[in-house]
Amino acid sequence: MNFLAHLYLSGELDEVKIGNFIGDFVKASDMENYTETINKGIKMHWAIDEFTDHHSVVQKSKDRLRPKYGHYAGVIVDIYYDHYLARNWRNYHDRDLRVYVDQQYKMLESYISILPKKVLYMLPFMIKHDWLYNYQYFEGIERVMHGMANRSKFNSKMEQSVAELKKHHKAFEVEFELFFSELINFCHDFLKKN
């Protein structure tokens, strides 16, 4: 899952959201720098990634992309799934997406003093180009994929992946909905137990 999903799945505590948001940018050895609640969010991020990476429905989505994109298929699917979450936001949250996203940007900026360097570099671009809101549009996904392709060490071809999203839009959406309902339950259990 990508940034919008990680924030959404964190519940209402800002520090859990922060941890879940930065989870890709911290190592276990960095956790001593954060509060217990932020660490809960970091662990939640890692648990979500583990659950997602091994889920049979997600594998179907990845398999559709793997012949062309190889190991980048998983990264692409994560972003596709944020597309469906943003597009179908009303099915998952009672707050308007525009309102929710603006609140998340303000919350992230309020924690700027503790964000990892890579997040500090990325966040202004995320806000300027309104990634979280624009995931719902093909143009928004295309912009994100172009940025990721430019940062990739290898020729990932990710900038071309909107073509597959359009071509198999319904199939990916069905897979997202099946998977995401299970992921929501998984995250509710995680938050209760930890």
Side-chain angles (χ1 to χ4, degrees), residues 1-10 20-27 42 44-93 97 101 104 118-119 121-123 125-126 128-187 190:
M1 303 307 298
N2 209 44
F3 295 116
L4 181 61
H6 279 289
L7 288 166
Y8 166 76
L9 293 164
S10 298
N20 207 338
F21 186 81
I22 67 173
D24 277 335
F25 304 93
V26 293
K27 300 174 187 153
I42 293 168
M44 185 180 192
H45 181 108
W46 296 342
I48 288 169
D49 284 357
E50 180 78 13
F51 182 83
T52 302
D53 288 346
H54 296 96
H55 198 284
S56 60
V57 174
V58 178
Q59 291 304 321
K60 275 185 173 179
S61 292
K62 289 183 193 175
D63 288 346
R64 194 175 292 113
L65 297 171
R66 202 168 271 118
K68 182 172 180 180
Y69 300 102
H71 72 274
Y72 292 103
V75 177
I76 294 167
V77 168
D78 283 350
I79 295 167
Y80 283 5
Y81 282 10
D82 260 18
H83 165 71
Y84 292 107
L85 176 58
R87 215 176 128 88
N88 300 306
W89 183 253
R90 287 188 182 130
N91 298 339
Y92 299 101
H93 207 290
L97 180 61
V101 162
Q104 302 320 300
K118 287 185 178 178
V119 177
Y121 175 77
M122 174 194 72
L123 188 60
F125 292 101
M126 174 180 277
K128 180 181 176 184
H129 297 291
D130 204 4
W131 292 358
L132 300 179
Y133 187 77
N134 286 322
Y135 282 143
Q136 65 188 301
Y137 305 116
F138 291 127
E139 299 79 21
I141 296 295
E142 195 164 29
R143 188 178 296 121
V144 169
M145 295 297 188
H146 269 281
M148 294 189 73
N150 289 339
R151 290 188 297 277
S152 174
K153 293 176 186 173
F154 304 100
N155 182 14
S156 67
K157 301 179 189 162
M158 282 190 279
E159 73 281 0
Q160 300 171 24
S161 64
V162 173
E164 281 80 15
L165 179 61
K166 290 177 179 177
K167 182 178 179 183
H168 303 287
H169 200 261
K170 190 61 186 171
F172 282 122
E173 185 168 34
V174 168
E175 289 158 5
F176 164 77
E177 287 172 357
L178 278 170
F179 164 70
F180 202 63
S181 62
E182 291 185 28
L183 181 59
I184 288 170
N185 292 334
F186 173 82
C187 289
F190 180 93

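Quick caveat, the model's predicted, so the values are computed rather than measured. Side-chain atoms are counted along with the backbone in the values below, which use heavy atoms only and exclude waters and symmetry mates.
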>> Distance check, rounded to the nearest 0.5 Å: I76 atom CD1 versus N2 atom CG?
In response: 12.0 Å

>> Taking the six-membered ring for Trp, are Y121 and F125 closer than 6.0 Å centroid to centroid?
In response: yes

>> Within this structure, what is the CG-NE2 distance for the pair L65 and H168, rounded to the nearest 0.5 Å?
In response: 7.5 Å

>> The test is side chain to side chain contact (heavy atoms under 4.5 Å, CB included); show your working for Y81 and T52 and say whether it passes.
In response: CA-CA 11 Å; Y81 282 10; T52 302; 5.7 Å; no

> What do the steps show when you test M148 against Y72 for side chain to side chain contact (heavy atoms under 4.5 Å, CB included), and what is the final call?
Replying inline: CA-CA 10 Å; M148 294 189 73; Y72 292 103; over 6 Å; no

> Under the side chain to side chain donor-acceptor pair (under 3.5 Å) test, which residues partner Q136, sequence neighbours left out?
Replying inline: none

> Going through the checks in order, is the side chain to side chain contact (heavy atoms under 4.5 Å, CB included) test met by Y135 and L85?
Replying inline: CA-CA 8 Å; Y135 282 143; L85 176 58; over 6 Å; no

> How long is the span from the CG atom in N20 to the CD1 atom in I48, to the nearest 0.5 Å?
Replying inline: 4.5 Å

>> Any salt bridge linking R66 with D63? Criterion: basic side-chain nitrogen under 4.0 Å from a carboxylate oxygen.
In response: yes

>> Please check this pair: side chain of N134 against backbone of E139, looking for a donor-acceptor N/O pair closer than 3.5 Å.
In response: no

>> Let me confirm one number: the CZ-CG distance from R87 to D82, rounded to the nearest 0.5 Å.
In response: 14.0 Å

> Hey, what do you get for CG (D49) to NE2 (H54), rounding to the nearest 0.5 Å?
Replying inline: 11.0 Å

> Nearest heavy-atom pair of Y92 and Y8: which atoms, and what distance?
Replying inline: O-OH, 2.9 Å

>> The test is side chain to side chain contact (heavy atoms under 4.5 Å, CB included); show your working for V58 and F51 and say whether it passes.
In response: CA-CA 10 Å; V58 178; F51 182 83; over 6 Å; no

>> Would you say that more than 12 heavy atoms from the other residues, nucleotides or ligands in this model lie under 6.0 Å from the NZ of K167, or not?
In response: no

> Got F21 and H6 here, is their nearest side-chain heavy-atom distance under 4.5 Å?
Replying inline: no

>> Just verifying a value: how many Å separate I79 CD1 and F3 CZ, rounded to the nearest 0.5 Å?
In response: 8.5 Å

>> Run the side chain to side chain contact (heavy atoms under 4.5 Å, CB included) test against K27 and tell me which residues pass, sequence neighbours left out.
In response: S29, D30

>> Could you tell me if the side chain of F190 sits less than 4.5 Å from the side chain of L9, heavy atoms only?
In response: no

Check residues 169-187 and write down every donor-acceptor pair under 3.5 Å in which the side-chain atom is one partner and the other belongs to a residue at least two apart or another chain.
| from | atom 1 | to | atom 2 | distance (Å) |
| --- | --- | --- | --- | --- |
| H169 | NE2 | H83 | NE2 | 2.9 |
| E173 | OE2 | N88 | ND2 | 3.1 |
| E175 | OE1 | S61 | OG | 2.5 |
| E175 | OE1 | R64 | NH1 | 3.0 |
| E175 | OE2 | R64 | NH2 | 2.6 |
| S181 | OG | E177 | O | 3.4 |
| S181 | OG | L178 | O | 3.0 |
| E182 | OE1 | H55 | NE2 | 2.7 |
| N185 | ND2 | S181 | O | 3.4 |

